[in-house]
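Quick note on labels: first sequence line is chain A, next is B, and so on, each numbered from 1. No experiment lies behind these values; they were computed from the predicted model shown.
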Number of protein chains: 2
Amino acid sequence: MSNNKAMTNQTKKEYPKPYGYTSDIAVFTIVTEEKEPYKPPKMSLKLMLIQRAMVNAEGEKNSEAGKWALPGGFVHPNESAFEAAKRELEEETGVKDIHLKHYGVYDEPGRDDRGWVITNAHYAIVPEDSLIKRKANDDAARVELFKIDEIFSLPLAFDHEIIIRDAIKEIKKDLLQTTIAQKFLPSQFTYSELQAVLLTVTDDAAIKSDQAFARKIRMLPFIEEVDGKTTTRTSKKPTKLYRFVEMNVMKPIYTARY
Amino acid sequence: MSNNKAMTNQTKKEYPKPYGYTSDIAVFTIVTEEKEPYKPPKMSLKLMLIQRAMVNAEGEKNSEAGKWALPGGFVHPNESAFEAAKRELEEETGVKDIHLKHYGVYDEPGRDDRGWVITNAHYAIVPEDSLIKRKANDDAARVELFKIDEIFSLPLAFDHEIIIRDAIKEIKKDLLQTTIAQKFLPSQFTYSELQAVLLTVTDDAAIKSDQAFARKIRMLPFIEEVDGKTTTRTSKKPTKLYRFVEMNVMKPIYTARY
DNA sequence: AAAATAGTGTCTCTGAGACATTATGCA
DNA sequence: TGCATAATGTCTCAGAGACACTATTTT
């Protein structure tokens, strides 16, 4: 705000106010598909969706009943949308200190039939087990984890299709361009575990190749070897463990390698 | 939105509605500081700010009077915040088809003394000359272009300090990580012109070095040589011209060079 | 011994970076 | 001629990528 003209207009004209202000959260987890002993994991990126009830508390037919939607809710006036997302996520999953990122605003007129409702979209990364717990807590609403390629054959509520598409784009970008992959991993991990996470969103040959990736990981400035410690959880041969180092990574594309 | 519980709560409880919904725009331009014939340009990134009037149309003292602020205004109910930003920018500068990007939402309770006002922040990239034109059009409000390092010694209105800090961070990131640098350049440009744009936001040795950059530009997949054409606007020796190629760039940091 | 994953040795090739040199055309 | 900018030649070095091979441990 705060253009002079807009300001003076506003104080007399009283522009219409939005009807509602909400927060939605795309809750992602990476599930380990096959985990046999001494095997590197096969992982798969999944999104949590909630099926809307057929009727509301008054027994009236719910809008968008039966369709799948992102968890979320109204922002309280004493909090920001980000705080609301954090609160709602905690109510849903019982997990605190979760990686949460705002990635978009959806305010197209007509996107919600209840009126002018603005929503802030966030994505969250949660460990698989906290979602399983949640599911047990609340069997009233149907909660499911879906693989990325299953989602768009479901009936989705409101404009959640586009919100979910954007969430997927965002998390894929962030997984490859930032160090958030660590949020899906134990604090100490093997090269093949990091590789499995990255392979959920990329086909890049340099990441696919085991040897190439095992070599590469040691020269990444934001990853360091955990001295001496090994694990056998991914192979029979004891394997080196790595950890992320706190660091801001920012390589210009103009100096990258192609 | 659309958690079942939140939904039913809301339809009876009528959560408080925001008082206002606004759009702010951080308008950036890159001005050519010295331009002698046959010289590569020295460029500098600047941000447009508006000084708030002392009194409003009713003659009352304006809130945050005299302080510097981003242009912006209230979102109309028949448009999105992005459209509002586009409209307001056009009203300000008279320029259409401008690069505009949403980068943040500011909704902390108490950020605006008029009440619960949510603002969407965008940044825009406009050619230098359109801002000069605008300045001439409207001498009622003081409009100035400031260098990045001058901004934070100014008195800034509302929470615009943090909004501007984020804008600068965002545009710096985008300049180095995407191909938006082209928005500051003519459609055909020399290596030293692109270099000058990038040097407004980075010190990277590989970009600073003339020879290194001149070589590098030819192997960037998203830039191609304009065959045969040359210009002498940056040197006495005729210089090759380049253009951007439409392309999605996305190199994982895990395969970058360090 | 067989199987499976981790990790290294080695070779080739590309490109980064540094430095020197050449090319061009104005003043 | 002198100068400034553009562009190339050349050398060295690091690392990518491919392939083969070794290492470790379980069954």
Strand DNA chain D as a dot-bracket string - pairs counted if Watson-Crick or G-U with both distances under 3.5 Å, | where the partner lies in another strand
|||||||||||||||||||||||||||
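At a threshold of 4.0 angstrom between heavy atoms, the contacts of Thr255(B) with the nucleic acid are absent. Contacts of Ala205(A) with the nucleic acid, taken as non-hydrogen atoms under 4.0 Å apart, are absent.
Not one side-chain nitrogen or oxygen of Lys237(B) sits closer than 4.0 Å to the OP1 or OP2 atom of dT8(D). For Tyr191(A), a side-chain nitrogen or oxygen approaches OP1 or OP2 of dA6(C) to under 4.0 Å. Taking side-chain N and O atoms only, Lys216(A) has no distance below 4.0 Å to OP1 or OP2 of dG15(D). Phosphate contact (OP1/OP2 of dA4(D), side-chain N/O of Lys39(B), threshold under 4.0 Å): absent. Contact annotation: Thr232(B) side-chain N/O to dC26(C) OP1/OP2 distance is not under 4.0 Å.
Both Tyr258(B) and Ser235(B) lie near DNA chain D, and the one whose nearest nucleotide falls closer to the 5' end is Ser235(B). Residues Pro238(A) and Arg215(A) each lie close to DNA chain C; by heavy-atom proximity, the contact nearer the 5' end of the strand is made by Pro238(A). Each of Gln211(A) and Ala214(B) has a nearest nucleotide on DNA chain D; the 5'-most of these lies closest to Ala214(B).
Among Thr179(A), Leu220(A), Leu176(A), the single residue meeting the side chain to side chain contact (heavy atoms under 4.5 Å, CB included) criterion with Ile253(B) is Thr179(A).
A donor-acceptor pair shorter than 3.5 Å can be found between the side chains of Lys229(B) and Gln188(B). In the model, Asp174(A) has a side-chain atom that pairs as donor or acceptor with a side-chain atom of Tyr123(A) under 3.5 Å. Judged by distance alone, the side chains of Asn120(B) and Tyr106(B) never bring a donor and an acceptor atom under 3.5 Å apart. Judged by distance alone, the side chains of Gln195(A) and Ser192(A) never bring a donor and an acceptor atom under 3.5 Å apart.
Panel note: side chain Lys183(A), backbone Ala124(A); no donor-acceptor pair is recorded below 3.5 Å.
Following rounding to the nearest Å, Phe213(A) (CZ) and dA16(D) (P) show an atom-to-atom distance of 12 Å.
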